[in-house]
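Take a look at the structure set out below.
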Number of protein chains: 2
Amino acid sequence: MGKDLIDKTDQKIMKLLQQDARMPLAKISQLISMSSPSVKERITKLEEKGIITGYRATFDLDKLDRGMTTFVMLKTEKCQRFIELCRKSKWITDLYRISGEYNFLLKIQTNSLLELKEIQNDLMEYGPSKSFIGMEQLISNQVDISYS
Amino acid sequence: MGKDLIDKTDQKIMKLLQQDARMPLAKISQLISMSSPSVKERITKLEEKGIITGYRATFDLDKLDRGMTTFVMLKTEKCQRFIELCRKSKWITDLYRISGEYNFLLKIQTNSLLELKEIQNDLMEYGPSKSFIGMEQLISNQVDISYS
DNA sequence: CTCCTCTTCCTTTTTTTATTAGGTTTAACA
DNA sequence: TGTTAAACCTAATAAAAAAAGGAAGAGGAG
């Protein structure tokens, strides 16, 4: 039925699109030695199969006054309400349900401790939590495509 | 000197490009009621200012046999060597230096516990660590652009 | 084996999109 | 008040994407 195999060529295309989602077909086709209609056909198939899920611009969070990263682990029983709160929050960029002592792991991007304090206040009522300030991002969402 | 102000229009453009980095200028220009050369000019400036840092394709990690997410917090004194190891690792997609009891926070994407076990072995020699399995990603890198 | 079908790729043509050129308006400021 | 710079526009040109049509090869069924 659903054979989602991707070959070496697909991998190369995906790698290029991961680096630059707006790279023209002509350039991709040149880099991997394949005609641009064929490249396009492969990309379309990868999209249809749901392997490529989208294309996003990335921003410099410092320049958007969101340079401060904080991770929070939190334990709560009011899960649905908590998730809603996170979705509405302008500062929470990532939310995971996790195993272990805590239920959730949040990534928060704020300008300063001021906003962070406000968020912490909101979170407090949901249960105990632990926070870590992110000092430096050394690797950022680098998915290695080779052999999948 | 470097006034990095972005206005309402820039925000709208950025929001659209965050949703779909490959949206044609014509569509953006229609959605925000501005001519496409003007839209292009703004995008170019946002890139030049370093506010827009890139465009990336996103993938379904399940379909790439990388569906399992694990977070590891680790304390080590061999920082440089540890960072090198992480950079070389095919499975580690994110690495942060953090404050507190642990030095580093890693995000690991594997197929199964098997690969995870191998990684844990490698990590062990660097120092004590704590792991959490990510059960579900509820919010994924959603940066709210409004008022920056 | 041989015909059929499906996939993948190609080249060529057409359509769409991006870029450039040139000009208008407005605001800031000497 | 004249000058400059920024931001926008329209129109023309250049570039890229999409569509059309077809060839080559792999695998299955008779």
Side-chain angles (χ1 to χ4, degrees), chain A residues 1-60 62-65 143-148, chain B residues 1-60 62-65 143-148:
Chain A
M1 272 234 160
K3 65 160 158 43
D4 280 344
L5 289 174
I6 66 173
D7 66 11
K8 211 87 190 156
T9 307
D10 290 327
Q11 283 173 23
K12 285 186 201 159
I13 294 171
M14 288 167 74
K15 201 162 184 174
L16 291 169
L17 288 176
Q18 190 180 31
Q19 289 166 201
D20 178 8
R22 283 161 70 105
M23 185 178 288
L25 296 180
K27 189 164 175 195
I28 299 173
S29 80
Q30 183 203 320
L31 288 170
I32 68 169
S33 304
M34 174 180 271
S35 74
S36 60
S38 297
V39 171
K40 172 60 181 173
E41 201 180 351
R42 277 171 177 270
I43 292 173
T44 303
K45 278 189 186 152
L46 290 167
E47 289 167 351
E48 282 169 356
K49 287 183 197 160
I51 293 170
I52 294 177
T53 52
Y55 306 94
R56 313 178 118 198
T58 57
F59 309 126
D60 182 330
D62 281 318
K63 298 215 166 95
L64 297 176
D65 294 333
V143 180
D144 184 338
I145 311 295
S146 54
Y147 181 76
S148 295
Chain B
M1 273 232 159
K3 63 162 164 31
D4 280 343
L5 288 175
I6 66 172
D7 65 11
K8 211 88 191 156
T9 307
D10 290 329
Q11 284 173 24
K12 285 186 202 161
I13 293 171
M14 289 168 73
K15 200 161 186 175
L16 291 170
L17 289 176
Q18 190 181 33
Q19 289 165 204
D20 177 9
R22 284 161 65 108
M23 185 177 289
L25 295 180
K27 189 165 175 194
I28 298 174
S29 80
Q30 184 203 318
L31 288 170
I32 69 169
S33 304
M34 174 180 271
S35 74
S36 60
S38 297
V39 171
K40 173 62 181 170
E41 200 180 351
R42 277 171 178 269
I43 293 173
T44 304
K45 278 187 186 154
L46 289 167
E47 289 167 351
E48 282 169 357
K49 286 183 199 162
I51 294 170
I52 294 177
T53 52
Y55 305 94
R56 310 179 117 197
T58 57
F59 308 126
D60 181 330
D62 281 317
K63 299 218 165 92
L64 297 176
D65 293 333
V143 180
D144 184 336
I145 311 296
S146 53
Y147 180 78
S148 294

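All values below were derived from every heavy atom in this structure, side-chain atoms included, with hydrogens, water molecules and symmetry-related copies excluded. Predicted model, so just to flag it, every value in this text is computed and none were measured. Labels below follow one simple rule: chain letters A, B, ... track the order of the sequence lines, proteins then strands, and each chain is numbered from 1.
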Side-chain contact, heavy-atom cut-off 4.5 Å: [X] with [Y]?
X     : Y     : result
B/L46 : B/E41 : no
B/I43 : B/L25 : yes
B/K27 : B/D20 : no
B/D10 : B/I51 : no

Identify the heavy atoms of [X] and [Y] that sit nearest to each other, and give their distance.
X     : Y     : value
B/R22 : A/M23 : NH1-O, 4.4 Å
A/T53 : B/F59 : OG1-N, 3.6 Å
B/A21 : A/A57 : CB-N, 3.7 Å
B/A26 : B/S36 : N-CB, 4.4 Å

(message) For the residue pair B/E47 / B/Y55, report whether a side-chain donor-acceptor contact shorter than 3.5 Å exists.
(response)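 B/E47 and B/Y55 do have a side-chain donor-acceptor pair below 3.5 Å.
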(message) Testing the 3.5 Å rule here: is there a donor-acceptor pair between the side chains of B/S29 and B/S35?
(response)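 Their side chains do not contain a donor-acceptor pair, so the 3.5 Å distance test is not met.
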(request) Under 4.0 Å from any atom of DNA chain C, heavy atoms only: list the residues of residues 27-34 of chain A that qualify, in numerical order. (result)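 DNA chain C contact set from residues 27-34 of chain A: A/M34.
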(request) Could you check which residues of residues 38-48 of chain A get a heavy atom under 4.0 Å from DNA chain C? Sort them by number, please. (result)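 Correct list: A/S38, A/E41, A/R42, A/K45.
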(message) Side chain of A/P24 only, heavy atoms from C-beta on: which candidate in D/dA16, C/dA18, D/dC9 is closest?
(response)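 Among D/dA16, C/dA18, D/dC9, the one nearest the side chain of A/P24 is D/dA16.
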In whole Å, what is the span from the [atom1] atom of [X] to the [atom2] atom of [N]?
X     : N      : atom1 : atom2 : answer
B/D20 : C/dT17 : CG    : C1'   : 14 Å
A/L25 : C/dT17 : CG    : P     : 13 Å
B/L5  : D/dA7  : CG    : P     : 11 Å
B/M23 : C/dA18 : CE    : P     : 11 Å

(message) Between B/D7 and B/R42, does any NZ, NE, NH1 or NH2 come within less than 4.0 Å of an OD or OE carboxylate oxygen?
(response)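 Salt bridge flag = yes for B/D7 with B/R42.
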I'd like a table of atom pairs between the protein and nucleotides 24-29 of chain C - only N or O on both sides, under 3.5 Å - with the distance next to each one.
none

(message) Let me spell it out: for each of A/S36 and A/R22, pick the nucleotide of DNA chain C with the closest heavy atom. Which residue's pick is nearer the 5' end?
(response)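 The residue closer to the strand's 5' end, by nearest nucleotide, is A/S36.
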